[in-house]
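Please read the structure below before turning to the comments.
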Amino acid sequence: MNARNATPLPPLVEPAAELTPAEAERYSRHVIIPEIGSLGQRRLKNARVLVIGAGGLGSPVLLYLAAAGVGTIGIVDDDLVDASNLQRQIIHDVSSVGGSKLASAARALGELDPAVTVRCHELRLDSSTALALFADYDLIIDGSDNFATRYLVNDAAALLGKPYVWGSVYRFEGQVSVFWERHGPTYRDLFPEAPPAGASLSCGEGGVLGMLCGVIGSMMVAEAVKLITGVGRTLLGRVLLFDSQNATWRELTVRKDESIAPITELIDYELFCGVAAVPASTDDEIGVHELVALLLTRGEIGDANFELIDVRERGEHDLVAIPGSRLITLDRIVSGEVLSELPRDRDLVLYCKAGTRSAIALAELRSQGYTRMKHLSGGVLAWLHETESMRHQY
Ligand SMILES: Nc1ncnc2c1ncn2[C@@H]1O[C@H](COP(=O)(O)OP(=O)(O)OP(=O)(O)O)[C@@H](O)[C@H]1O
């Protein structure tokens, strides 16, 4: 198999018995495509596909898998639906806000096609759960939003010899590919090393154009359908990159790097991606009440005996910020470009959305010799929550 995958892959799934008349009618627009036909539709009916994440990518992926007649769909997620998810996570609706993403997604799939078997795995996919879970499925689709999960999915799929479809979205850009260690390159050939902790932002931090998830999610299902039926040329060995701001597609070739050692076991992916390197010490933290007290005693803004620094992105700062704080984004701290502007002789209080980026910023500044620092436990989310309840008490 060469990297451009010119040779078609064998169909991944054996066909189910004949379609019922109702199924033949329902899927008739697939069946009349010569390359798919009744045989391809029967393969889809027999397919068991596991989707990681019922979020931005998972939403269109799940809906199109069910609509395509994939017989068994597993969903892994442990999150609840938030109002800010509805801008792109189209499997959920207003009535789902506050409830589990799995319950909401399963309900939507049941309404779309009650014949689909939906298996809900309400858990955080990690090294202790991935192999047993993947073993029950023919194909995995990774709609997660973090590097630890992506490397985990890659390695677990490689260990089990299974293919998977990967996609990612951020702001205006999306990427999609297929990885299958048995027949071509893997995610580790594309990204041999995890990005430094804090160097990349999630959609919750950096934003994403909602409908981009539909574009990339649909492409992911097209790849899944081709793998299941053995039709066409998949993206194995290629990555498609979509830039919605300029309406352009690009294609990258990915080659297997023979110098990368084969996967033999799962590891601690949080550690591998540097997430666990964030200092966990509560000595480095300051709570909301303590910060309020400090702000009340510090007098006029500008006359401060400490600096309050928001390490989030400009868009997040503009949306909501703690009064009197100054924006210095995490990437500028990590790159070292702002160090000359940051006083060493005053206390610094760092904050972000939930406390992860500020902890990374604190660790980075500490490695640069800063000693007088705290970061806000729970970030601006905790600030909003606690100051709101203080207002009520008042
Ligand atoms: N290891 C994992 N196990 C289970 N679910 C996961 C894992 N990693 C990511 N997910 C899920 O994948 C989904 C990713 O989707 P997306 O980034 O659109 O959602 P989000 O986290 O709700 O968004 P936002 O960042 O705006 O809050 C989330 O629902 C998340 O819970």
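Counting starts at 1 for both ligands and their atoms, in listed order. Nothing fancy with the numbering, it's 1 onward along the sequence.
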For [atom], grab the closest protein heavy atom and report residue, atom and distance to one decimal in Å.
{"atom": "atom 21 (O) of ligand 1", "value": "D145 OD2, 3.1 Å"}
{"atom": "atom 11 (C) of ligand 1", "value": "D77 OD2, 3.4 Å"}
{"atom": "atom 26 (O) of ligand 1", "value": "R88 NH2, 3.0 Å"}
{"atom": "atom 25 (O) of ligand 1", "value": "G204 N, 3.1 Å"}
{"atom": "atom 6 (C) of ligand 1", "value": "R124 NH1, 3.5 Å"}
{"atom": "atom 3 (N) of ligand 1", "value": "L125 N, 2.8 Å"}
{"atom": "atom 19 (O) of ligand 1", "value": "Q89 NE2, 3.1 Å"}

Geometric N/O contact [X] with ligand 1, under 3.5 angstrom:
{"X": "L57", "value": "no"}
{"X": "S144", "value": "no"}
{"X": "K101", "value": "yes"}
{"X": "N85", "value": "yes"}

Just which atoms of ligand 1 are under 4.0 Å from any heavy atom in [X]?
{"X": "G56", "answer": "15 (O), 16 (P), 18 (O)"}
{"X": "G53", "answer": "11 (C), 12 (O), 13 (C)"}
{"X": "G55", "answer": "15 (O), 18 (O)"}
{"X": "N146", "answer": "8 (N), 9 (C)"}

TODO: Select one of side chain, backbone, both or neither to describe which atoms of L123 lie under 4.0 Å from any atom of ligand 1, heavy atoms only.
DONE: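 Answer for L123: backbone.
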Task: Residue part near ligand 1, for T149, under 4.0 Å between non-hydrogen atoms - done: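 Under 4.0 Å from ligand 1, T149 contributes side-chain atoms alone.
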TODO: Identify whether the distance between the nearest side-chain nitrogen and carboxylate oxygen of E307 and R326 falls below 4.0 Å.
DONE: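 Salt bridge between E307 and R326, a charged N being under 4.0 Å from a carboxylate O: yes.
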TODO: Using a strict cut-off of less than 4.0 Å between a Lys/Arg side-chain nitrogen and an Asp/Glu carboxylate oxygen, indicate whether R366 and D284 qualify as a salt bridge.
DONE: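 Answer for the salt bridge query: yes.
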TODO: Evaluate the salt bridge (Lys or Arg N to Asp or Glu O under 4.0 Å) criterion for residues D283 and K374: first the C-alpha distance (whole Å), next the side-chain angles of each, then the deciding distance (0.1 Å), finally the verdict.
DONE: CA-CA 8 Å; D283 292 348; K374 296 267 183 203; over 6 Å; no
Open item on the list: Quick check on side-chain contact (heavy atoms from CB on, under 4.5 Å): which of L50, V49, L109, I91 does I75 satisfy it with?
Closed with: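 Exactly one candidate clears the test, L109.
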Open item on the list: As an exercise, state the distance from NZ of K256 to CZ of F179, rounded to the nearest 0.5 Å.
Closed with: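 CZ of F179 is found 11.0 Å from NZ of K256.
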TODO: Calculate, to the nearest 0.5 Å, the distance between atoms CG and CZ belonging to D78 and R124 respectively.
DONE: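 Spacing of CG (D78) from CZ (R124) equals 5.0 Å.
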Open item on the list: For E35 and K226: C-alpha separation, side-chain torsions, deciding distance, then whether salt bridge (Lys or Arg N to Asp or Glu O under 4.0 Å) applies.
Closed with: CA-CA 10 Å; E35 289 81 356; K226 290 191 291 177; over 6 Å; no
Task: Test item, S59 contacting ligand 1 (heavy atom, 4.0 angstrom) - done: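 No; S59 lies far enough from ligand 1 that no heavy-atom distance drops under 4.0 Å.
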- [ ] For E18 and R42, run salt bridge (Lys or Arg N to Asp or Glu O under 4.0 Å): C-alpha distance rounded to whole Å, both residues' side-chain angles, the deciding distance at 0.1 Å, then the answer.
- [x] CA-CA 7 Å; E18 286 306 308; R42 284 161 48 214; 3.6 Å; yes
- [ ] Mark yes or no: R119 above the aromatic ring of Y137, with NZ or CZ under 6.0 Å from the six-membered ring centre and no more than 45 degrees from the axis.
- [x]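 Yes, R119 lies over the aromatic ring of Y137.
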Open item on the list: Looking at Y370, I'd like to know if the NZ or CZ of R344 sits under 6.0 Å from its six-membered ring centre while staying within 45 degrees of the ring's axis.
Closed with: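 Yes - R344 lies over the ring of Y370, closer than 6.0 Å to its centre and within 45° of its axis.
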TODO: Fit a plane to each ring of F147 and Y151, take the angle between them on a 0 to 90° scale, and name the class: parallel (under 30°), tilted (30 to 60°) or perpendicular (over 60°).
DONE: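 It falls in the tilted class, 30° to 60°.
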